[in-house]
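See structure below.
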Amino acid sequence: MAASTLTPRQQNLGRIIAPLTVGAVGLILWQLVVGGLGISSYLLPTPLSILEQALEFSDSILTAAGITGWNSLVGLVIGSVLGVCFAALAASSKSVDAMVNPIVAALAVIPIVALAPILNTMFGTTQFPRQAIAGLASFVPVFVSALRGLRQTNPEHRDLMRTYAATGLQTFRTITLPTALPYVFTGVRLASSLAVISALVAEYFGGPRGGLGGIISAAAASSQYPRAWAYVLASIVLGLLFYLAALALEKLANRGRTAIS
């Protein structure tokens, strides 16, 4: 059946079934290859052994995922808000743009593996270092995307607002921000996964052991590799949930804009 003859519902169903099928086939092959060749769990556990550990330690996994998820969410929200605010300032002033862009470029190349131990040492047993690193990782993509979106406004639309004696705030709210919203949400989608990854890396390098990253480190250090992989699986699920939440928020905002227009 040609793709053009499929209904929208069938196309959406195909987008869901296709990756699920590929994932299921991959897991089956993984189980058969590792089990058939007798590969040690030290090198690679089987999917069934990982699933068994995930079910056995489900309570601990949920608790750890809650801690990591909260750190990621705090960092994502703060980093996104700051990214949009600084992008608005940079878009409105060339001098601010000249000052902020080099700083953002420097922040983009800061190695998390080097920054995390420093912040953990400075702030002790608090969760602030994980949230700060997640916020830093979120800030850069949101700033870059938002700045690009804020510069997409049609000059003719700005001129039209001036003829109506609109203030700068009114022009920003009615013209500039709606044009930039798709770019902002693109940055948030990118930042959603980065926030989770950054928080995990920060947890891996010291500090309180309650999060997923710290438990993965502890399980691997004690040679409990199936258990470590179970927490890795939880990390993947957490990252996907953040991405899907950002995607749903974007669709909700777009639906609201369509309804208003």
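Because the structure is predicted, anything quoted here is derived from the model rather than measured.
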**Message:** Which heavy atom of S72 sits nearest to which heavy atom of A195, and what is that distance?
**Reply:** OG-O, 3.6 Å
**Request:** Kindly check if the number of other-residue, nucleotide or ligand heavy atoms within 6.0 Å of CZ (F86) is above 12?
**Result:** no
**Request:** Examine the side chains of Y231 and S60 and answer whether a donor and an acceptor come within less than 3.5 Å of each other.
**Result:** yes
**Prompt:** Does L115 share a hydrophobic cluster with L82, counting links as ILVMFWY side-chain heavy atoms below 4.5 Å and allowing steps through other members?
**Reply:** yes
**Request:** Please confirm whether the backbone N or O of V77 pairs with a side-chain atom of S80, one donor and one acceptor, at under 3.5 Å?
**Result:** no
**Interatomic distance, N71 atom CG to L76 atom CG [nearest 0.5 angstrom]** = 12.5 Å
**Message:** Quick check against the 3.5 Å criterion: does T126 have a side-chain atom that pairs as donor or acceptor with the backbone of F123?
**Reply:** yes
**Prompt:** Could you walk me through whether I112 and F205 pass the side chain to side chain contact (heavy atoms under 4.5 Å, CB included) check?
**Reply:** CA-CA 10 Å; I112 297 176; F205 286 97; over 6 Å; no
**Prompt:** Going hydrophobic residue to hydrophobic residue with side-chain gaps under 4.5 angstrom, can you get from V113 over to L119?
**Reply:** yes
**Message:** So, using side chain to side chain contact (heavy atoms under 4.5 Å, CB included) as the criterion, who are the partners of L200 when residues are at least two apart?
**Reply:** T68, V196, E203, L212, S235
**Asked** Is there a chain of hydrophobic side chains (I, L, V, M, F, W, Y, each step under 4.5 Å between heavy atoms) that links V74 to L238?
**Response** yes
**Complete:** Closest non-hydrogen atoms of R130 and A199, given as atom of the first, atom of the second and distance, are CG-O, 4.1 Å
Acceptor/donor pairs from residues 132-149 side chains to any protein atom, 3.5 angstrom cut, sequence neighbours excluded:
| residue | atom | partner | partner atom | Å |
| --- | --- | --- | --- | --- |
| S138 | OG | A134 | O | 2.8 |
| S145 | OG | P141 | O | 3.1 |

**Prompt:** Do C85 and V81 come close enough that some side-chain heavy atom pair is under 4.5 Å?
**Reply:** yes
**Request:** Mind checking the CG-CD1 spacing from L55 to I50? Nearest 0.5 Å is all I need.
**Result:** 12.0 Å
**Request:** Report the distance from atom CG of L181 to atom CD of E250, rounding to the nearest 0.5 Å.
**Result:** 9.5 Å
**Asked** Under 3.5 Å, is there a donor-acceptor pair between the side chain of Q31 and the main chain of L48?
**Response** yes
**Asked** Got a sec, which residues hit ring pair (Phe, Tyr, Trp, His ring centres under 6.0 Å) with W70, two or more places apart in sequence or on another chain?
**Response** none
**Prompt:** Has the side chain of T63 got a donor or acceptor atom that lies under 3.5 Å from a matching backbone atom of D59?
**Reply:** yes
**Asked** How about T186 and R189: do any of their side-chain heavy atoms sit closer than 4.5 Å?
**Response** yes
**Asked** Is the shortest heavy-atom distance from the side chain of L107 to the side chain of I110 under 4.5 Å?
**Response** yes
**Asked** Atom CD of Q224 and atom CD1 of I215: how far apart are they, to the nearest 0.5 Å?
**Response** 11.0 Å
**Request:** Provide the closest heavy-atom pair for A114 versus P117 in the form atom of the first, atom of the second, distance.
**Result:** O-CD, 3.5 Å
**Polar side-chain atom of W229 near backbone of L51 as donor-acceptor pair, under 3.5 Å** = no
**Prompt:** If you group Ile, Leu, Val, Met, Phe, Trp and Tyr by side-chain heavy-atom gaps below 4.5 Å, do M99 and I103 land in one group?
**Reply:** yes
**Asked** Can you hop from F185 to Y243 via hydrophobic side chains spaced under 4.5 Å?
**Response** no
